[in-house]
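Numbers restart at 1 for each chain; the letters A, B, ... are given by sequence-line order, proteins then strands. Treat the numbers as computed from the prediction; the structure is a model and nothing was measured.
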There are 2 protein chains.
Amino acid sequence: MMEAKTINIAVVDDHQLFRKGLIKLIHSLSDSYKVVFEASNGEDFLSRMDNFDQLTMIIVDIDMPVMNGYELAEALMKKHPDLPVLALTMHGDNEMSIIRMIKSGVKGYLSKDIEPDELKSAIETVSSGVFHFNQALSGKLLNMVITDNESKKELFNDRELEFLRLCCSELTYKEIADKMFLSPKTIDGYRAALFERFEAKSRVGLVLLAIKNRWVNLNELP
Amino acid sequence: MMEAKTINIAVVDDHQLFRKGLIKLIHSLSDSYKVVFEASNGEDFLSRMDNFDQLTMIIVDIDMPVMNGYELAEALMKKHPDLPVLALTMHGDNEMSIIRMIKSGVKGYLSKDIEPDELKSAIETVSSGVFHFNQALSGKLLNMVITDNESKKELFNDRELEFLRLCCSELTYKEIADKMFLSPKTIDGYRAALFERFEAKSRVGLVLLAIKNRWVNLNELP
DNA sequence: TTGCCCAACAGGATTTTTCCTGTTTACAGA
DNA sequence: TCTGTAAACAGGAAAAATCCTGTTGGGCAA
């Protein structure tokens, strides 16, 4: 079996040990795979990569400190829409992160606990510009992605975001209601809406999501 | 330069992609390194490994779902104290986790963002039974480890820390009680103790403090 | 032994959170 | 003008969290 075309890959991951290992793994999958560039985060990649044409695709970790995978994918979608992005996730099972990846323009994603063979098939499909998602999306969330094109509604409106910030505090809902000049019942409505949208089961769960996804800034909290 | 003695290594990590890559990386470091066994978590390792004498050392990821690195190291410290454990951490910067590793009996730890050369030197030192910690421990911290038996009025004890971790989730206190095999009333006692100690007014407040002060690691939360 | 301390645990009250099913009002579009 | 929709709001109940005051039982020092 001949594997004709060389696939030139860039790997972006902040964990050097993983990155180096991954590169060796990729090279062992096929002689036609060449990792020609590596970076430790999105910013590092954008600042040092100058020849985008040489790249067939890019493999990028979602969880990175400086400029994470979502942000890099978004930046690439604007400047180099033809460069396919394959995302790697550590805990990629939650639908929100999948949504966000799709919105950021990634062509596919893989959990880090997959077998090398799956990586190979993902590289094959994504490098040729085909989508590769190994998890089905619920209709509701899929709808959220698709109908987003008219830029009508982002994740939250202003009031919801304000509520979310106040949630990340020791305030009770009643106190939040006072601060926002709303009825506690309205606040309860916001709560229910966000719980459903993000599949949170409790206020603590919502707060954790808000922090993890950087919807709120930890340093700006009281 | 000759590298005489073969070092037989077991690798335990739940992320298959990382594990396979790491193994290739290890083999590329030296011909005398042989990865002779791999497992996806602590439980998997203990149940399938039958010949401990063949192993020179074990490399284990700290963050694993079923039986994590701390727990595996503790179990090994009891049954096979001569087997050196090298721990790998994703975000090993917080002191609490270093404390916990030392208490669990690991011989050394590495952050996953190190260079392969550092891995090599860690393998060399740890496999020969010497400690390898790449980060200086603050005097206070070191004191905490050493004088742990006497003046143990530090921030938390082990159970409190475990409770705190579980607090940073969507689990109810009842579910936390089940996980820790304690009465919900005892859990309520932990809660009250931590609330008072850190002047938290609610669980959300406690969770925020835990994250801000890095008592728990955001990325290793479920 | 005896007294002391502490972790584990209980009962019970109160507040807060969570959930469910509604109603009213404003306002944009057919 | 009629209609649909979204935001604001309510009542009420169940579950969970919070708070307070205890008890018990085992280890340990005097």
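Counting only heavy atoms from C-beta on, B:Asp188 has its side chain closest to D:dC19 among C:dC9, D:dC19, D:dC9. Among the nucleotides D:dA17, D:dA8, D:dC19, the one closest to the side chain of A:Tyr190 is D:dA8. The side chain of A:Asn157 lies closest to D:dA7, out of D:dA16, C:dC19, D:dA7.
Cation-pi contact between A:Lys112 and A:Phe18: present, with separation from the ring centre below 6.0 Å and deviation from the ring axis of at most 45°.
The phosphate of C:dC19 (OP1 or OP2) has a side-chain N or O of A:Arg191 nearer than 4.0 angstrom. Here A:Thr186 reaches the OP1 or OP2 of D:dC9: one of its side-chain N or O atoms lies under 4.0 Å away.
When the C1' atom of C:dC9 is taken as reference, atom CG of B:Asp178 falls 15 Å away, rounded to whole Å. Rounded to an integer number of Å, the gap from B:Lys174 NZ to D:dA15 P is 12 Å. B:Lys201 places its NZ atom 10 Å from the P atom of D:dC19, with the value rounded to the nearest Å. Distance B:Ile187 CD1 to D:dA17 P: 11 Å, rounded to the nearest Å. Note: OH (B:Tyr173) to C1' (C:dT17) measures 12 Å, nearest angstrom. Rounded to an integer number of Å, the gap from CD of B:Glu170 to C1' of C:dT17 is 14 Å. Per the geometry, CG belonging to A:Leu206 stands 12 Å off P belonging to C:dC19, to the nearest Å. The distance from atom CD of B:Glu160 to atom C1' of C:dC6 is 12 Å, rounded to the nearest whole Å.
With salt bridges taken as basic N to acidic carboxylate O contacts below 4.0 Å, none links A:Asp188 and A:Lys185.
Ring geometry for B:Tyr173 versus B:Phe163: interplanar angle under 30°, hence parallel rather than tilted (30 to 60°). Ring planes of A:Phe52 and A:His80: parallel class, angle under 30° (limits at 30 and 60°).
Using a 4.0 Å heavy-atom distance criterion, A:Arg159 is classed as making no nucleic acid contact. When heavy atoms are screened at a 4.0 angstrom cut-off, B:Ser183 is found touching the sugar-phosphate backbone but no base atom.
Within 3.5 Å, no donor on the side chain of A:Lys185 pairs with an acceptor on the base of C:dG22, nor the reverse.
Between B:Asp13 and B:Leu22 there is no side-chain heavy-atom pair separated by less than 4.5 Å.
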